[in-house]
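In what follows, a structure is listed as structure tokens, so that the remarks can point back to it.
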Amino acid sequence: MNSSKYKIELVKGDITKIKTDAIVNAANTSLMGGGGVDGAIHRAGGPEILEACRKIVVKQGGCKTGEAVITTGGDLPAKFVIHTVGPVWNGGKYDEENKLASCYKNSLQLAVNNHCKTIAFPNISTGIYHFPKKDAARIAVKTVKDFLSLTDKIEKIVFVCFDDENYELYNSQL
Ligand code: AR6
């Protein structure tokens, strides 16, 4: 047990430029790409990522909300992409908060299983899926800190915020 060694960084910008062992994608259950950060990752990472996603779909039929799968990073600076599916915000009565926390937990566990020591996260569910940004930031920071307090396998987490509002919210959370 060691909770004092890891670092949490906050960056404003494009996650496809980040050179960590893994970057996390806010995907959808089909794993076949989309808009937002998902579109940016597939564009920048090239066809190898979609090819790897197709193989996962053949094997397990996509990815459920709250769960995560891992592929190559293709042409990205990151070695791996961890694709997780955030909840669509539906008023908060459909277990959205726990599902969002599961995205962070399952992504971190998959990172550890694949010997990734540095991981970058986008602000999952806060775009097209409309999860309230303040609550999403609180859940992201708490879930990551709780996980890191129980492992010494992760060295660095980078929260990558694309918009000013998320950046300010994370800044006050951290
Ligand atoms: N780097 C970092 N963050 C980004 C980037 C980028 N290049 N581009 C957008 N964001 P969203 P969701 C931020 O909509 O809400 C897709 O179509 C964005 O500002 O990408 O989980 C998938 O296929 C926002 O804060 O993901 C799904 O169908 C955050 O990333 C659906 O969208 C998440 O916004 C998932 O919706």
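Counting convention: from 1, in listed order, for ligands and their atoms alike.
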Q | Enumerated ligand 1 atoms positioned under 4.0 Å from heavy atoms of Gly34 | A | 17 (O), 23 (O)
**Q.** Identity and distance of the protein heavy atom lying nearest atom 1 (N) of ligand 1
**A.** Ile15 N, 2.9 Å
Q.
When you measure from the heavy atoms of Gly86 to every atom of ligand 1, does any distance fall below 4.0 Å?
A. no
Q | Residues Glu97, Arg138: salt bridge by 4.0 Å N-O rule | A | yes
Q: Please report which non-hydrogen protein atom sits nearest to atom 20 (O) of ligand 1, along with the residue it belongs to and the distance in Å to one decimal place.
A: Val37 N, 2.8 Å
Q | Val160 and Lys17: CA distance, side-chain angles, deciding distance, side-chain contact (heavy atoms from CB on, under 4.5 Å) verdict | A | CA-CA 10 Å; Val160 184; Lys17 306 277 196 279; over 6 Å; no
**Q.** Atoms of ligand 1, numbered as shown, that sit under 4.0 Å from any heavy atom of Ala40
**A.** 7 (N)
Q. Ligand 1 and Ile124, any nitrogen or oxygen pair closer than 3.5 angstrom?
A. no
Side chains of residues 101-109: which donor-acceptor pairs under 3.5 Å do they make with residues two or more places apart or in other chains?
residue, atom, partner, partner atom, Å
Ser102, OG, Asn98, O, 3.0
Tyr104, OH, Pro122, O, 3.4
Tyr104, OH, Ile124, N, 3.4
Asn106, ND2, Gly66, O, 2.7
Asn106, ND2, Ser102, O, 3.2
Ser107, OG, Cys103, O, 2.7
Gln109, NE2, Asn113, OD1, 3.0

Q | Working for side-chain contact (heavy atoms from CB on, under 4.5 Å), residues Tyr170 and Asn123 | A | CA-CA 10 Å; Tyr170 274 78; Asn123 311 135; 3.2 Å; yes
(Q) For atom 19 (O) of ligand 1, what's the nearest protein heavy-atom neighbour? Residue, atom name and distance, please. (A) Asp163 OD2, 3.4 Å
Q: Over 60° means perpendicular and under 30° means parallel, so classify the ring planes of Trp89 and Phe131, tilted if in between.
A: perpendicular
(Q) Taking Asp75's backbone N and O only, do any of them form a donor-acceptor pair with Glu48's side chain (distance below 3.5 Å, no angle check)? (A) no
Q.
Under 4.0 Å from a heavy atom of Gly13: which atoms of ligand 1 are those, numbered in the order shown and with their elements?
A. 1 (N), 2 (C)
Q. Just heavy atoms, cut-off under 4.0 Å: does Cys161 contact ligand 1 by side chain, backbone, both, or neither?
A. neither
**Q.** Under 4.0 Å to a heavy atom of Asp14 - the qualifying atoms of ligand 1, by number
**A.** 1 (N), 6 (C), 7 (N)
(Q) Could you tell me, atom by atom, which parts of ligand 1 come under 4.0 Å of a heavy atom of Gly35? (A) 16 (C), 17 (O)
Q: Just jot down the side chain to side chain donor-acceptor pair (under 3.5 Å) partners of Asp146, sequence neighbours excluded, or say none.
A: Lys142
Q: Ignoring hydrogens and angles, tell me if any N or O in the side chain of Asn28 forms a donor-acceptor pair with the backbone of Gly33 under 3.5 Å.
A: yes
Q. Under a 4.0 Å heavy-atom limit, does Asn166 contact ligand 1 with its side chain, its backbone, both, or neither?
A. side chain
Q) In the protein, which heavy atom is nearest to atom 25 (O) of ligand 1, and how far is it? A) Thr126 OG1, 2.8 Å
Q) Under a 4.5 Å cut-off applied to non-hydrogen side-chain atoms, are Arg54 and Met32 in contact? A) yes
Q: Look at atom 36 (O) of ligand 1 and say which protein heavy atom is nearest, naming residue and atom and giving the distance to 0.1 Å.
A: Tyr129 CG, 3.4 Å
(Q) I need the nearest protein heavy-atom contact for atom 32 (O) of ligand 1: residue, atom name and distance, please. (A) Ile128 CD1, 3.2 Å
Q: May I ask which of Ser125, Ala136, Gly127 has a heavy atom nearer to atom 21 (O) of ligand 1 than the others do?
A: Ser125
(Q) Set out, in order, the CA-CA distance, both residues' side-chain angles and the distance that settles side-chain contact (heavy atoms from CB on, under 4.5 Å) for Leu110 and Thr84, then state yes or no. (A) CA-CA 10 Å; Leu110 201 49; Thr84 187; over 6 Å; no
Q) Does the pair Ile119 and Thr20 meet the rule for a side-chain contact (heavy atoms from CB on, under 4.5 Å), with working shown? A) CA-CA 6 Å; Ile119 302 116; Thr20 41; 5.7 Å; no
Q) What is the closest protein heavy atom to atom 3 (N) of ligand 1, and at what distance does it sit? A) Phe162 CB, 3.4 Å
Q.
Just to confirm my output: which protein heavy-atom neighbour is closest to atom 26 (O) of ligand 1, and how far is it?
A. Ala26 CB, 3.8 Å
